[in-house]
Amino acid sequence: MKTTHNFSRRDFMKLAGAAAAGLAFSSVPNLAWAAGRDKELNILCWEGYNSDNVLNPFRKMHKGLSLKAESGTDDPSMINKLRAGEIKVWDLINLNQCWARQQMWGEGLIKPISMERFMPYIEKMMPMFYNKEMGINPFALSPDGKELIGMMQRFGPMNFVVNTKKISVDMAEDQGLPMFLDPKMKGKYGLLAWDNWNVMHMCITAGFSPYKEHTPEEVEKFKQTAQTLFANAAMISGDPAQLNQALINGEIDAIYSGGIYTCSVARFEGFNEVHHISPRRGPLEGGKGSLQWFELTSVVNNPDVSPLAEDFLEYVQRPDICHTVAMAEASHNPVTQMSQPEVFNKFKKDELNSFHWDTLEDQMNRSVDYQVVPDNDLLTSIYNEAKRTREG
Amino acid sequence: MDESAAPILEVAGVTKRFGKFTAVNDVSFQIADGEFFTLVGPSGSGKTTLLRMLVGMEKPTEGALKIRGQTVNDLPPNKRPTCMVFQSLALFPHMTVGKNVEFPLTIRGAGESERRTRAWELLKLLHLDPNRYYNKNVTQCSGGERQRVALARALAYDPDILFFDEPLSALDARLRKMLQKELKDIQRSTKKTFCYVTHSLEEAMVMSDRVAILRAGVIEQIGRPDEIYAAPKNAFVAEFMGEVNLLDITAAGGATANWDTGRKTYPLNLPAPLEPGAARKLLIRPESLRFLKEGETAGNAVPVKILNEFSLGSRIQYHVEVVPGCTLTVERLREERASGEALLGWELADSQILES
Amino acid sequence: MSDKQPKKKFSFGPGLVGALSASPFALLMLFGFVAPLLCVVWFGLMPPKTFELLQAPTLENYRTIFEQTYFKSIMWSLGLAAVTVVILLAVCYPLAFAMAKIFRSGTAFITYAIATSLFVSENIRLFGWVIGFMKKGVVGGLLETWFGLQIDSLLYNVPVIVLGMCYVYLPFMLFPLVLGVNMVPDQVREAAFDLGASRWQVFRKIDLPLSMPGVMIGSLLVFVLSVGAISEAKILGGQKVVTIASDIESEFTYAQNWPLGSALSTLFIVLTTIVVFLALARFDLEKLLGKKPSE
Amino acid sequence: MIVSRTQKAGFSLYAGLVLLVFYFPVFCIIVASLSKRRFFSFPYPQEQITFKWYEDALTSPQVHDFVSVSLRIGVVTALASVTIGFFSALAYARYRWKGRKTFQRLVLLPLFFPQSVLGLALLMWFNFLDVTTSWWTAAIAHTVWIAPITTLIISIQAYGLDESLEEAARDMGATRWQILRKITIPLLLPGMISATCFAVLLSWGNFALSLFTTGADSALPEWLYARMTSGYQPMVPAVGVLNVLFAIILVLVLFGIVKWSTRKSRRATAAAGGH
């Protein structure tokens with residue numbers, strides 16, 4: 001009640017000031033906000049949380065709720081929405097692990113959630129996300145380790161996807177990303193243009209870790225790699241569905257940059273030849289060659305945040321909802337809660353198969369966490385340059 | 001028509017139907033080289049449709065169109081040696097006067113200097129000072145000027161036959177009179193064949209060598225203006241010529257008839273005998289009617305009341321009432337003034353019996 | 001004035017009425033266009049990779065632009081747009097002519113049919129082409145079942161990008177053209193025929209110049225829309241070429257470099273504005289219509 | 001002018017061909033929307049045909065939300081841009097005033113602004129003004145871009161306006177307001193209605209501007225795009241097809257009104273102009 005009162009007063013002041021400036025109308029919607037947001041919840045998320053099957057039960061629980069969810073296709077542009085002033089719009093933001101801790105927290109775009117309320121759920125998660133030694137996975141905590149900045153749920157490895165009718169899994173896992181530099185692959189693969197993933201994978205392809213400052217030689221190597229990969233790609237698309245379609249129809253044999261996230265739907269429809277590859281070795285920390293992500297859903301530092309924001313976070317921990325989130329309409333992924341039998345038992349065989357459950361542990365063990373690339377700006381501009389000046 | 005001259009245009013049994021409607025019905029006539037020929041008819045008489053067929057913008061449903069003996073039915077307008085001046089003039093709004101006039105020459109691929117010389121000549125011929133008008137935008141020209149530009153443009157095409165679709169109808173009377181005269185002069189000096197379409201017989205009479213009168217897609221009469229004037233073939237033609245008196249009569253045996261004025265029937269004498277019972281019109285021109293002096297006699301005489309008089313300069317036109325609702329028009333010289341009640345008379349030779 | 005016409009309390013001067021009529025639009029533009037535009041221009045002068053508006057201006061972004069190969073994207077965008085305009089003019093003019101001068105009920109039908117499809121967001125319609133042209137798509141599938149022909153994907157090349165652009169922007173060319181051709185008086189065309197002009201000559205000397213306002217409006221609309229196009233190259237072209245608009249987009253998104261994106265936008269706007277003004281300078285709607293407006 | 005039967009047939013054939021090509025992608029979308037599977041090759045067996053996606057589309061509360069947002073934006077945009085466009089068309093084509101030439105040039109400018117950049121610029125600007133973006137800020141953005149188009153469309157009609165009609169009305173003692181209401185608006189009505197159609201159409205399909213200016217109120221094209229690029233389901237083309245069906249009905253109604261009003265205004269012109 002106190003907050004509502006405060007905001008009314010503030011809005012009144014704002015209105016008075018704006019009216020004086022002759023911009024009275026710009027404040028009208030703010031007044032509307034002041035009416036209270038307990039019947040409103042806005043979620044900015046990756047595809048999945050905005051599916052009707054995830055949202056509808058929550059809608060039923062709260063009669064008259066206006067629940068909006070918008071999906072983005074890349075982390076930075078979602079963050080930019082907040083930076084550009086939509087911080088007053090959104091209540092929850094769902095991004096890959098590194099962004100909350102490394103960018104949004106520092107910029108004050110998100111706020112901590114109640115450790116007390118969510119600890120019981122975290123303690124039941126898979127060991128990768130919580131174990132006695134490590135405690136909570138550091139990506140879910142503020143850099144000083146004191147605050148819980150988001151909840152973990154979906155996860156998965158992200159490297160590349162092949163059609164097993166054309167390329168054997170063993171060979172692909174063995175060769176890893178450099179396989180795409182082979183002249184024999186020219187015109188045989190599509191490039192999923194998710195820029196920040198591409199930049200990381202191109203570093204790995206070039207033979208070094210993306211998560212460090214790069215030497216001029218490495219940058220030059222990166223440039224050549226990017227140019228070769230662009231030149232040899234049969235198609236470039238930002239749309240995984242289009243690439244999967246091409247893979248299934250035999251237009252291409254592999255997709256550069258792809259994960260369980262992008263290929264599980266095709267697998268679920270019975271196209272088992274679509275296979276995600278986590279390379280066995282590579283230039284990453286500990287000689288690993290594979291990347292993994294998990295999503296962190298954080299509460300936006302909205303001055304007038306919906307009281308339902310944390311309720312929603314708790315709602316998606318329900319075993320049946322965990323299963324729904326995992327098997328969201330458009331992307332199927334494992335979730336952190338699958339360590340609990342009441343969650344795991346809800347999955348059918350073909351559902352598990354869609355996200356490679358049989359080899360998932362192996363794949364995750366080969367992977368390191370997705371982080372922000374220190375010299376991402378430089379590499380991205382080289383990447384864009386290579387795309388622009390693409391030959392072929 | 002001058003029988004010695006070969007016809008430049010021959011229309012043989014031309015019919016045009018739009019669906020069930022017949023706009024032009026079995027029309028035949030010929031136009032001689034160098035002739036000023038006019039098609040006259042009220043609106044809806046098919047004259048514009050006929051004209052559009054002559055220039056090639058419509059195709060006849062039946063019949064043949066021949067120019068210098070060659071059938072041109074299927075020839076598009078741009079392949080015919082004919083040219084039309086439209087009612088709307090259809091000047092090219094995006095071109096100057098000069099460019100409009102030069103258009104046909106440009107189309108023909110004439111050189112710049114040739115075009116300019118010719119345009120200059122034509123503008124002069126049409127009393128448009130080339131220095132002033134050559135670069136003027138047509139949209140800035142007055143009605144009369146536009147008229148002249150349209151004619152100059154048509155002449156520049158140098159057609160064998162020039163068609164006109166009532167181009168003067170939008171102009172005021174004075175300007176129209178002046179342009180009629182000029183048109184005739186130009187026709188005479190260029191020796192071109194002109195085929196003019198108008199709804200005004202008066203206009204036709206002024207300019208034409210020959211006139212064809214159209215009604216409902218059919219030619220009613222064709223001939224020289226004075227021929228038609230002297231001997232209109234029927235009441236329609238007579239009425240079309242302007243102010244005439246047409247009396248509804250029923251033959252009463254021999255050379256007599258009854259004139260039904262609506263309220264009263266007058267017995268009249270006719271210039272010729274008629275089958276009894278036949279319904280006809282009796283044509284009497286206003287100038288053939290005169291007011292009878294005391295004791296004076298005439299072929300026919302009717303008592304009338306003079307209603308109005310209008311001065312026509314040297315003559316005076318009277319509207320006289322025979323019975324209420326039935327008036328006649330009389331034209332007399334100024335010195336023969338009359339007023340009040342009078343006895344109106346005419347000679348039998350001055351009246352004509354017409355098919356109604 | 002009020003002395004002579006005491007009944008009228010006040011009278012607008014003719015100039016005032018014009019200015020008044022223009023004012024709602026002018027206000028909208030001031031608020032919704034000029035101000036944001038200034039925002040962009042100003043942002044283009046901010047140091048790279050920042051999100052704050054209140055900093056000392058710098059030209060560093062422009063230096064970056066000229067050092068890099070952005071001109072390539074600009075050339076692609078301008079080139080594709082120009083090709084699209086030319087193709088659409090050729091495709092749409094006969095259709096617009098028929099709609100304006102020949103068809104009767106057919107015109108309404110075509111208008112409905114084309115307008116209806118506009119209701120589907122362009123991305124989805126482009127996706128339709130993907131379904132049609134992909135390997136084993138509608139075209140490929142039909143060729144295979146009917147003729148036993150096996151074809152590869154028809155997608156991911158420059159011609160298909162042009163096809164996509166022509167497809168998406170066709171209505172923006174067609175409708176202005178229909179309006180333009182409608183403005184050519186029938187009798188003027190007939191007069192030209194009558195004066196010996198062939199069909200081609202009538203087209204060149206009468207139809208085209210008199211329908212020029214429609215041609216210009218259509219061409220400019222299509223040019224501008226297609227020069228800012230992103231989706232065609234992305235969805236159909238397999239990003240075979242990178243357009244300037246998608247460069248700008250990626251600066252604002254992945255690269256998180258708003259100032260550079262703003263500077264690019266500024267440059268892009270200046271370029272298209274020059275092209276458009278060059279075209280507009282040669283074309284006076286008033287003169288072509290032969291109409292002078294009164295007060 | 002003579003149009004021979006062969007010419008007419010030729011033109012009809014051509015028009016048919018253009019329409020066929022134009023509707024080819026729509027046909028493809030229908031194909032995609034009926035497929036049980038997300039990934040398919042054409043032609044797919046009959047047992048793979050399903051109407052499930054249509055059912056999903058019609059019952060999804062999300063889709064309802066998006067449609068309602070798009071409708072609200074479309075209606076407000078159409079009203080605003082046609083009202084503003086009407087007056088600016090008069091300023092553009094009808095009145096002689098001092099800044100007219102400049103105005104004519106500047107009117108077109110917003111069209112020459114890449115839409116995505118305009119959207120971003122507006123987002124920055126709203127942010128600067130401390131305005132929270134929602135569907136109505138998107139309506140402003142759409143109006144900025146669409147008002148020039150409606151101005152042009154109505155201008156074309158305004159150029160054809162017979163000035164003497166307004167003068168005649170003034171001569172008979174009509175005030176400016178009466179002239180506007182009784183003469184100018186009825187005569188420009190066909191132009192205004194087609195401008196309304198265009199405004200609704202362009203607003204409905206607009207993606208680039210909405211993307212940045214709708215805030216949490218996603219418009220339909222945004223959702224379609226997001227769903228297309230990640231998380232594709234045949235429900236996406238199904239929504240597209242439903243869109244077309246809905247549009248066919250709406251367009252029929254709108255163009256019916258245009259036809260009716262054109263006839264009415266023609267009658268009015270004939271009555272007033274006397275020819």
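To find a chain, count down the sequence lines: A is the first, B the second, and so on, and within it residues start at 1.
For a residue to count as touching a neighbouring chain, one of its non-hydrogen atoms must lie under 4.5 Å from one of that chain's; by this rule D:V239 does not touch chain C. Of the two parts of C:L27, neither the backbone nor the side chain holds a non-hydrogen atom closer than 4.5 Å to a non-hydrogen atom of chain D. The contact between C:Y167 and chain D is made by backbone and side chain atoms together, counting heavy-atom distances below 4.5 Å. Only the side chain of C:I248 comes within contact range of chain D, judged by heavy atoms closer than 4.5 Å. With a 4.5 angstrom heavy-atom cutoff, D:T151 touches chain C only via side-chain atoms. Residue contact with chain C, scored on non-hydrogen atoms closer than 4.5 Å, involves the backbone and the side chain of D:F22 alike. The contact between D:Y232 and chain C is made entirely by side chain atoms (from C-beta outward), counting heavy-atom distances below 4.5 Å. In this structure, chain C has a heavy atom under 4.5 Å from the side chain of D:V18, while its backbone stays farther away. At a 4.5 Å heavy-atom cutoff, D:L220 makes no contact with chain C through either its backbone or its side chain. Contact of D:L118 with chain C is made through the side chain alone, with heavy-atom distances under 4.5 Å. When heavy atoms are compared at a cutoff of 4.5 Å, C:L264 does not approach chain D at all. Residue D:F86: no heavy atom, backbone or side chain, is found under 4.5 Å from chain C.
For the set C:S265, C:A245, C:A113, C:S231, the count of heavy-atom pairs under 4.5 angstrom toward chain D peaks at C:A113. Contact count versus chain D (heavy atoms, under 4.5 Å) is highest, among C:G132, C:C92, C:G180, for C:G132. Ranked by non-hydrogen atom pairs under 4.5 Å with chain D, the options C:V120, C:N123, C:I230, C:L179 are led by C:N123. Most heavy-atom pairs under 4.5 Å with chain D, from the set C:A22, C:P24, C:A98: that is C:A22. Most heavy-atom pairs under 4.5 Å with chain C, from the set D:S81, D:P148, D:P221: that is D:P148. Comparing D:F126, D:Y14, D:Y225 by how many heavy-atom pairs each has under 4.5 Å with chain C, the most go to D:Y14. Of the listed residues C:G32, C:G140, C:S262, C:G228, the one with more heavy-atom pairs under 4.5 angstrom with chain D than any other is C:G32. When each of D:L201, D:V107, D:V200 is scored by its heavy-atom pairs under 4.5 Å with chain C, the top score falls to D:L201.
Between the side chains of D:W204 and D:N243, at least one donor N or O sits under 3.5 Å from an acceptor N or O. Side-chain polar atoms of D:H142 and D:S210 form a donor-acceptor pair below 3.5 angstrom.
Put simply, the side chain of D:I30 does not reach to within 4.5 Å of the side chain of D:P237, judged on heavy atoms. The side-chain heavy atoms of D:N206 and D:T77, taken from C-beta on, include no pair separated by under 4.5 Å.
Between D:Y92 and D:Y159, the two ring planes are perpendicular [angle over 60°; tilted spans 30° to 60°]. Ring orientation note: the planes of D:F103 and C:F25 are nearly perpendicular, at an angle over 60° on the 30°/60° scale.
The pair C:K135-C:E144 fails the salt-bridge criterion, with no side-chain N (NZ, NE, NH1 or NH2) lying under 4.0 Å from an Asp/Glu carboxylate O.
By the neighbour-count criterion of 12 heavy atoms within 6.0 Å, atom OH of D:Y23 is densely surrounded, having more than that number from other residues, nucleotides or ligands.
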